[in-house]
Amino acid sequence: MPAEEEVRLTVPATPELLRLARVTASGVASRLGFTYDEVEDLRLAIDELCFAVTGGKRQEGWVLMRYVVGGDGDTLEVHGKASFAAPGPEPLLNELSGAVLDALVDEHAVHRGDGQGSPSFRLVKRRSGSP
Amino acid sequence: MSFEPDQREELRRKFDQFADDRDPAVRSQLVEGHLGLAEYLARRFSNRGEPLEDLVQVASLGLLKAVDRFEPTRGVEFSTYATHTIVGELKRHFRDKGWAVRAPRRMQELYLRLGKVVSSLSQDLGRSPTIPELAADAQVSEEEVLEALEAGQAYRFSSLDAPSGAGEDDDGDTLSSHLGGDDPRLLEAEHRAALSPLIERLPPRDQTILHLRFFVGMTQSEIAGQMGISQMHVSRLLARSLDQLRAAASES
């Protein structure tokens with residue numbers, strides 16, 4: 001995959017700075033021609049998944065975000081992998097969060113990692129018809 | 001804030017009852033009986049650049065938590081316990097939103113302007129506009145649009161005329177009053193609602209929007225059309241509701 005089709009961002013695992021994960025997702029999605037509706041969905045989904053891996057609290061460590069453009073430029077795949085100094089909370093994705101994410105994105109998953117502070121998530125959002 | 005002795009006795013009796021049966025009607029009465037305290041405490045934080053109505057909402061959420069967690073047998077006055085919980089909630093609000101609240105005024109203004117642009121363009125195009133389309137119409141750059149949307153996130157609590165979040169439809173503001181008719185999808189939505197007591201804590205309108213978006217599968221713009229409010233308002237209400245649900249879920 002050409003380098004220009006992947007954006008990487010490493011963010012300290014604090015709620016304030018994880019906003020940057022959301023901003024970057026919006027920026028990449030916007031370049032792909034996602035609609036306002038879709039960008040808003042993506043932002044909500046990133047919030048939900050970042051919360052799942054950090055527990056919504058500041059953690060010592062980082063979250064590495066990867067934004068990968070796929071399909072014919074109509075699919076955005078977002079990966080978030082935590083690297084905490086100490087084992088963080090169990091990734092939290094309750095039934096409600098699952099239902100919310102089902103409605104927001106095409107695919108989503110949260111992984112516990114090795115239980116040593118490296119939980120991760122992945123989402124896929126496809127652009128609807130061409131604008 | 002103070003109560004007459006007989007009022008205090010009445011409240012104490014209700015707390016005992018609520019501790020026994022967790023009756024939502026009693027819970028609602030307890031919350032309403034102390035809204036004055038929530039408002040009083042919210043006012044003490046009102047000189048920090050956040051609209052008072054937002055702070056009252058945050059304080060009301062704290063009050064709700066206090067009512068749910070209060071144990072009358074511990075011998076602490078509820079007002080003491082609730083003050084501690086509400087002030088904690090207000091402080092957390094400022095701490096969590098600190099970064100966002102400092103969004104430049106220019107961006108906040110652009111965000112408000114974009115709300116109108118989203119509505120008119122959606123209508124003209126018959127679909128949700130893209131970010132470049134929004135930028136072109138508002139005569140700003142795409143980056144400014146994205147920055148403004150982010151700044152708008154800070155406003156997720158603002159100018160929302162939501163009730164206290166007591167979770168009761170006692171003002172007649174029910175799910176069906178928003179939707180009218182017997183939408184079969186609504187029945188399913190109500191069924192799904194029963195799955196989550198957390199959702200029931202949200203104001204009725206916020207519950208409706210959550211159902212329509214996440215369980216019925218309507219888009220934000222469709223919901224905006226159905227409810228007669230702007231899409232950005234829908235977006236803010238959704239973000240705020242999810243915020244509150246996550247906070248509640250992580251605490252429970």
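Residue numbers begin at 1 in each chain, while the letters A, B, ... track the order of the sequences. Source: prediction; values computed, not measured.
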* To do: Would you indicate whether A:Arg122, at its atom CZ, is surrounded by more than 12 heavy atoms from other residues, nucleotides or ligands within a distance under 6.0 Å?
  => yes
* Under a 4.5 Å heavy-atom cut-off, does chain B meet the side chain of A:Phe34, its backbone, both or neither? -> backbone
* Structure fact -> Closest non-hydrogen contact found for A:Ala99 with B:Phe215 is CB-CE2, 3.5 Å
* Can you find a pair of side-chain heavy atoms, one from A:Tyr36 and one from B:Leu149, that are under 4.5 Å apart? -> yes
* Asked: Distance from A:Thr35 atom OG1 to B:Leu125 atom CG, nearest 0.5 Å?
  -> 10.5 Å
* With a 4.5 angstrom heavy-atom cut-off, which part of A:Leu104 approaches chain B: side chain, backbone, both or neither? -> both
* Measure distances from A:Val100 to the heavy atoms of chain B and classify the residue's part below 4.5 Å as side chain, backbone, both or neither. => both
* Got a second to check how far A:Glu48's CD is from B:Arg246's CZ, nearest 0.5 Å? -> 4.5 Å
* To do: Test A:Asp37 against every option in B:Ser122, B:Ser221, B:Ser235 by the side-chain hydrogen bond (donor to acceptor under 3.5 Å, both in side chains) rule and name the one that passes.
  => B:Ser221
* Could you please spell out the steps behind the side chain to side chain contact (heavy atoms under 4.5 Å, CB included) verdict for B:Phe214 and A:Asp102? => CA-CA 8 Å; B:Phe214 300 123; A:Asp102 283 346; over 6 Å; no
* Are any of the side-chain heavy atoms of A:Arg127 and B:Thr130 separated by less than 4.5 Å? -> no
* B:Glu142 portion near chain A, given a 4.5 angstrom heavy-atom threshold -> side chain
* Verify the neighbour count for atom CZ of A:Arg58: are there more than 12 heavy atoms of other residues, nucleotides or ligands below 6.0 Å? => no
* Using a cut-off of under 4.5 Å for heavy-atom pairs, which of B:Glu143, B:Glu147, B:Gln231 has the most such pairs with chain A? -> B:Gln231
* Which distance, rounded to the nearest 0.5 Å, do you find between the CG of B:Leu242 and the CG of A:Leu44? -> 5.5 Å
* Asked: At what distance, to the nearest 0.5 angstrom, does CD of A:Glu40 lie from CZ of B:Arg236?
  -> 11.0 Å
* Heavy-atom pair with the smallest gap, counting every atom of A:Gly27 and B:Leu146 -> CA-CD1, 3.5 Å
* How close do A:Asp41 and B:Arg213 get, heavy atom to heavy atom, and via which atoms? -> OD2-NH2, 2.8 Å
* With sequence neighbours left out, what residues match B:Lys65 under side chain to side chain donor-acceptor pair (under 3.5 Å)? -> B:Glu89, B:Glu251
* Asked: Step by step, would you call B:Glu150 with A:Arg43 a side chain to side chain contact (heavy atoms under 4.5 Å, CB included)?
  -> CA-CA 9 Å; B:Glu150 193 58 30; A:Arg43 287 152 51 85; 3.0 Å; yes
Cut-off 3.5 Å, no hydrogens considered: what does the side-chain donor-acceptor table look like for residues 60-67 of chain A, sequence neighbours left out?
{"residue": "A:Arg66", "atom": "NE", "partner": "A:Glu6", "partner atom": "OE2", "Å": "2.9"}
{"residue": "A:Tyr67", "atom": "OH", "partner": "A:Ala21", "partner atom": "O", "Å": "2.7"}

* Considering all heavy atoms, the nearest A:Ser30-B:Ile131 contact -> OG-CB, 3.3 Å
